[in-house]
Amino acid sequence: MRAAESPKQEGRAMDVTDAGRGRETPHLREIVLFLSVHLDRAPGVLWPEYDNPAFGDADDAGALPAQGGVRPAQADRFTAELGALTGLSVRLDRVETPGSTPGGGTDAVWTAQHGGREHLLLHQIAGAVTWQLTGTGESGRPESFQCRLLPGELLYVPAGWSRRYIEAQGAQYAVVCLGPQGG
């Protein structure tokens, strides 16, 4: 099933919009299909087949590109196209280097969006990070999730789940927020 043909999800904004049809690039198609499975359900990790040009993933030796981890013009295009394809409000919130902010191994709980909470996509740019997530699962019971991300990989964090990173020395990741349009 192509990402553009994903089934309508009850109460979710995951139908590919008419404006987005036919414009998907391979990395966007992967992300849209991934979100069609995970959005509002459970955390998940995407090991993409295609590089996202918005984020300058570290090379095999762990070095970042000369211009840093994010390419602003590409990041703006990525968020606009992902929003058009999913019907969601998508924005690059920040790029973080763990250990450069106070709090040791804790990350900000959530970036609030007016009128509700946002889902997150964490895109690993450099280094490796072990993430721990806790929240309420589809069963209504508390659940936890732990994974280790390497450069180029993405972690989906559902709205309402808390997260923290551990073992993040020398790492860098981008936080992409997903929420309802007009929220």
Looking at every heavy atom in both [X] and [Y], which two are closest together, and how far apart are they?
{"X": "Ser89", "Y": "Pro180", "result": "CB-O, 3.5 Å"}
{"X": "Thr97", "Y": "Ala171", "result": "CG2-O, 3.4 Å"}
{"X": "Asn52", "Y": "His123", "result": "CB-CE1, 4.1 Å"}
{"X": "Pro158", "Y": "Ala42", "result": "CG-C, 3.7 Å"}

[Y] and [X], any side-chain heavy atoms less than 4.5 Å apart:
{"X": "Leu39", "Y": "Thr86", "result": "no"}
{"X": "Trp131", "Y": "Val45", "result": "no"}
{"X": "Val157", "Y": "Pro43", "result": "no"}
{"X": "Cys147", "Y": "Thr130", "result": "no"}
{"X": "Val95", "Y": "Val175", "result": "no"}

Using modelled atom types and a 3.5 Å cut-off, is there a donor and acceptor pairing between side-chain atoms of [X] and backbone atoms of [Y]?
{"X": "His119", "Y": "Ala159", "result": "yes"}
{"X": "Glu30", "Y": "Glu49", "result": "yes"}
{"X": "Gln124", "Y": "Ala126", "result": "yes"}

| Are there more than 12 heavy atoms of other residues, nucleotides or ligands under 6.0 Å from atom CZ of Arg77? | no

| message | Against Glu81, only a single residue in Val32, Val90, Asp76, Leu28 fulfils side-chain contact (heavy atoms from CB on, under 4.5 Å); can you say which? | response |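 It is Leu28, the one option of Val32, Val90, Asp76, Leu28 that forms the side-chain contact (heavy atoms from CB on, under 4.5 Å) with Glu81.
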
As an exercise, state the distance from [atom1] of [X] to [atom2] of [Y], rounded to the nearest 0.5 Å.
{"X": "Leu178", "Y": "Tyr156", "atom1": "CG", "atom2": "OH", "answer": "7.5 Å"}
{"X": "Leu133", "Y": "Leu155", "atom1": "CG", "atom2": "CG", "answer": "5.5 Å"}
{"X": "Glu138", "Y": "Glu143", "atom1": "CD", "atom2": "CD", "answer": "8.0 Å"}
{"X": "Leu33", "Y": "Leu85", "atom1": "CG", "atom2": "CG", "answer": "12.0 Å"}
{"X": "Leu149", "Y": "Tyr173", "atom1": "CG", "atom2": "OH", "answer": "10.5 Å"}
{"X": "Leu35", "Y": "Arg41", "atom1": "CG", "atom2": "CZ", "answer": "11.0 Å"}

| Who passes ring pair (Phe, Tyr, Trp, His ring centres under 6.0 Å) against Phe34, sequence neighbours left out? | His38

| query | When hydrophobic residues are tied together by side-chain contacts of less than 4.5 Å, even through go-betweens, does Trp47 share a cluster with Val129? | reply |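 Yes, because Trp47 and Val129 connect within a single hydrophobic cluster, where side-chain heavy atoms sit under 4.5 Å apart.
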
| ILVMFWY network linking Tyr50 to Val176, side-chain heavy atoms under 4.5 angstrom |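 No, Tyr50 and Val176 fall in different hydrophobic clusters.
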
| message | Which residues pass the side chain to side chain contact (heavy atoms under 4.5 Å, CB included) test with Thr136, not counting sequence neighbours? | response | none

